[in-house]
Amino acid sequence: MSNQENRMKSFKNKGRDNQEMRRRRADVSVELRKSRKNDQLLKRRNVTIDNEPTSPLQQQKQPTNQLSTSEIVQGLKTVNFKDTKALFLAVQAIRKLLSRELHPPINEVIDADIIPVLKALLDRNDEPSIQFEAAWALTNIASGTSDQTRTVVNSGAVPEFIKLLSSPHKNVSEQAVWALGNIAGDGPDMRDYVIRNGVIPPLKALIGPDTAATFLRNITWTFSNLCRNKNPSPPAAVAQAVLPTLTDLIYHCDNEVLADACWALSYLTDGTNDRIQQVVAANVIPRLVHLLSCGEVSVMTPSLRALGNIVTGTDEQTQAVVNANALGGFKTLLESKRTNLCKEACWTLSNITAGNVDQIQAVCEASNGKLIEALVTVLQSGEYKCQKEACWAVSNFTTGANVQQIVALVRAGVVPPLCKMLDVKEAKIVMISLDALNNILIAADKLEQKPKITAVIEQIGALDTIEKLQTHTNEEIYQKALNIIDNHFPLEEEEIVEIMPETNPQGNFQLNVAASQPVGGFKF
């Protein structure tokens with residue numbers, strides 16, 4: 001093991017190394033992603049919300065009743081491709097069918113073998129309106145399940161869509177962007193396939209000072225899907241290629257563009273320290289910190305997530321976030337009524353308090369000392385998912401802090417809510433709460449102030465809880481509780497004498513049964 005690894009392992013005391021302190025990246029990332037799964041959609045379907053007719057015949061206002069799916073499909077299969085007007089109406093009818101808001105018949109269209117026809121129509125440069133309708137139809141098919149997306153890919157549509165990015169017709173190129181975003185959002189395999197086909201240069205070329213906000217939203221969302229997903233993460237070269245663009249986009253004035261650009265950065269930082277360093281080197285941290293206080297939750301959430309990912313990295317990467325004065329806005333985040341913001345802020349703090357003493361000091365000093373008070377308030381009365389993260393932040397704090405820093409935490413009122421966490425059912429939370437209490441008692445003992453802490457613990461009934469934890473089925477909880485009782489709550493000498501049996505002259509214990517037996521003997 002290298003000296004650096006040894007340093008990291010010995011950096012934190014009390015049996016938890018730095019890797020454990022900067023813990024749960026994978027598990028927590030999954031949990032947080034699930035909790036906000038609707039915040040940023042993997043795929044988007046271009047839905048028709050007006051009362052457009054759904055068949056060529058209705059378009060011509062002939063019959064009033066809708067044609068069936070099979071009739072519309074058959075219409076495209078039998079149309080004369082040289083009759084551009086009829087072809088346009090037939091393709092448009094398919095597109096409208098797939099644009100229904102509820103239950104679009106994607107599988108029926110796939111089973112009718114219409115996808116190869118639509119893919120072939122992407123090459124009709126002479127008829128951009130037909131290209132547009134075909135691209136729109138394929139976009140909506142690709143917005144479905146992975147199997148449905150794969151049928152579009154297997155048709156050879158991806159290279160055609162990438163060609164259409166350079167179409168002189170903006171509606172065509174925008175629809176191609178949308179389709180490629182859906183395909184890339186399907187997962188790592190599809191994402192990498194789109195990347196290998198050369199999507200990034202022509203996609204970047206679409207961004208300019210005159211790019212409409214609506215178009216730019218789709219471009220930015222597609223970029224975010226190119227950065228998305230793990231196992232494996234996108235190639236490092238992708239981050240290098242898109243970071244300059246994302247660095248510009250996070251200064252845009254449109255909130256949707258900002259949000260998706262920040263999501264992209266959050267995906268790029270959700271990985272190894274090398275990946276995190278790519279983003280840190282792009283100098284985006286100050287802007288992300290600024291966006292924490294923008295007031296738009298859809299932007300604040302991914303900005304916080306990106307910063308939270310960065311502080312799971314090295315001490316130097318964490319320091320870059322601290323130096324940007326990120327902690328200045330965390331009191332407000334902890335006080336937010338939005339549970340996910342509060343939770344992720346606590347999670348981010350837990351990784352900062354897992355850092356070095358200077359970083360813990362920055363937490364102590366933030367908001368003139370009010371940040372740790374806000375953290376204790378979350379521990380005391382926040383929602384349980386927030387309390388858990390606050391508990392980690394406090395436990396990490398006590399594990400790496402000096403005595404004076406622990407005093408500041410105690411003065412903020414941390415002991416009672418910390419004791420309250422001993423009653424939760426989650427074993428890991430009970431364990432880290434016991435760790436934190438033990439660390440506080442050790443620090444108090446160094447200052448000859450331990451009786452004050454033990455008195456508080458006894459007064460709120462937490463000593464009884466700790467004693468009960470000695471019978472816990474979890475061996476680690478039992479050991480930690482036993483350690484606290486033995487080291488910090490020893491029996492007084494009189495109590496020991498009172499409960500110890502007498503010894504005979506030979507030094508053997510003897511039980512005076514007669515003396516302790518009630519008159520008339522025991523009764524059950």
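- Between the side chain of T353 and the backbone N or O of A393, at least one donor-acceptor pair lies under 3.5 Å.
- Distance check: S433 OG to I477 CD1 gives 9.5 Å after rounding to the nearest 0.5 Å.
- For the atom pair OG (S224) and CG (L246), the distance works out to 9.0 Å, reported to the nearest 0.5 Å.
- Of the possible donor and acceptor atoms, one in the side chain of N309 sits under 3.5 Å from a partner among the backbone N and O of S266.
- Considering only heavy atoms from C-beta on, Y267 stays 4.5 Å or farther from R305 through its side chain.
- In this structure, the side chains of L371 and L349 come closer than 4.5 Å at one or more pairs of heavy atoms.
- Between V299 and N255, the shortest heavy-atom distance links the atoms CG2-O, 3.6 Å.
- Side chains of T139 and Q175: a donor on one and an acceptor on the other come within 3.5 Å.
- Taking each heavy atom of K204 and T245 in turn, the nearest pair found is CE-OG1, 3.3 Å.
- Here I310 contributes atom CD1 and I285 contributes atom CD1; the two are 4.0 Å apart, rounded to the nearest 0.5 Å.
- Checked by atom type and distance alone, the side chain of T222 pairs as donor or acceptor with a backbone atom of V177 at under 3.5 Å.
- Under the 3.5 Å distance criterion, the side-chain polar atoms of N439 are matched with a main-chain donor or acceptor of D435.
- Listed for the Q359 side chain is a donor-acceptor partner under 3.5 Å among the backbone atoms of D315.
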Subject >> Worked verdict on F489 versus E458 for side-chain contact (heavy atoms from CB on, under 4.5 Å) >> reply: CA-CA 10 Å; F489 295 92; E458 290 191 61; 4.0 Å; yes
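- Between F161 and L138, some side-chain heavy-atom pair lies under the 4.5 Å cut-off.
- Nearest heavy-atom pair across L379 and Q387 is O-NE2, 3.0 Å.
- Between S143 and W178 there is no side-chain heavy-atom pair separated by less than 4.5 Å.
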Original post:
Passes side-chain contact (heavy atoms from CB on, under 4.5 Å), L375 versus L334? Steps please.
Top reply: CA-CA 7 Å; L375 180 63; L334 294 183; 4.1 Å; yes
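- Contact annotation: the side chain of E389 never approaches that of K385 to less than 4.5 Å [non-hydrogen atoms, C-beta and beyond].
- Q405 contributes a side-chain N or O that, together with a main-chain N or O of V357, makes up a donor-acceptor pair within less than 3.5 Å.
- In this structure the side chain of Y251 never reaches within 4.5 angstrom of the side chain of H290, judged on heavy atoms.
- Across every non-hydrogen atom of N225 and R191, the tightest pair is O-CG, 3.8 Å.
- Between the side chain of T211 and the backbone N or O of L206 there is at least one donor-acceptor pair closer than 3.5 Å.
- Taking OG1 of T348 as the start and CG of L333 as the end, the distance is 8.5 Å to the nearest 0.5 Å.
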**OP:** Quick one: do D186 and S146 satisfy side chain to side chain donor-acceptor pair (under 3.5 Å)? Show the steps, please.
**Re:** CA-CA 6 Å; D186 188 71; S146 289; 2.9 Å; yes
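- In plain terms, the two heavy atoms of G308 and V311 that are nearest each other are O-CG2, 3.2 Å.
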Subject >> N273 vs Q277, side-chain contact (heavy atoms from CB on, under 4.5 Å): CA-CA, chis, key distance, verdict >> reply: CA-CA 6 Å; N273 292 349; Q277 188 56 38; over 6 Å; no
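- Between D260 and R217, none of the side-chain N atoms (NZ, or NE/NH1/NH2) sits under 4.0 Å from a carboxylate O, so this pair counts as no salt bridge.
- In this structure, N323 CG and T318 OG1 are separated by 10.5 Å, a value rounded to the nearest 0.5 Å.
- Here the straight-line distance linking atom CG of N340 with atom CD of E383 works out to 9.0 Å at 0.5 Å rounding.
- The environment of R150 atom CZ is sparse: at most 12 non-hydrogen atoms of other residues, nucleotides or ligands sit within 6.0 angstrom.
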Original post:
side-chain contact (heavy atoms from CB on, under 4.5 Å) between L180 and L165: does it pass, once the steps are laid out?
Top reply: CA-CA 10 Å; L180 291 165; L165 293 178; 3.9 Å; yes
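- Counting only heavy atoms from C-beta outward, the side chains of Y384 and K388 approach each other to under 4.5 Å.
- With hydrogens and angles ignored, the 3.5 Å screen pairs a side-chain donor or acceptor of T149 with a backbone N or O of A142.
- By the 4.5 Å heavy-atom criterion applied to side chains, M431 and N474 are counted as neighbours.
- Looking only at distances, a side-chain donor or acceptor of R275 sits under 3.5 Å from a matching main-chain atom of P234.
- Across V376 and A412, no two heavy atoms sit closer than the pair CG1-O, 3.6 Å.
- Under 3.5 Å, the side chains of N351 and T312 contain no donor-acceptor pair of N or O atoms.
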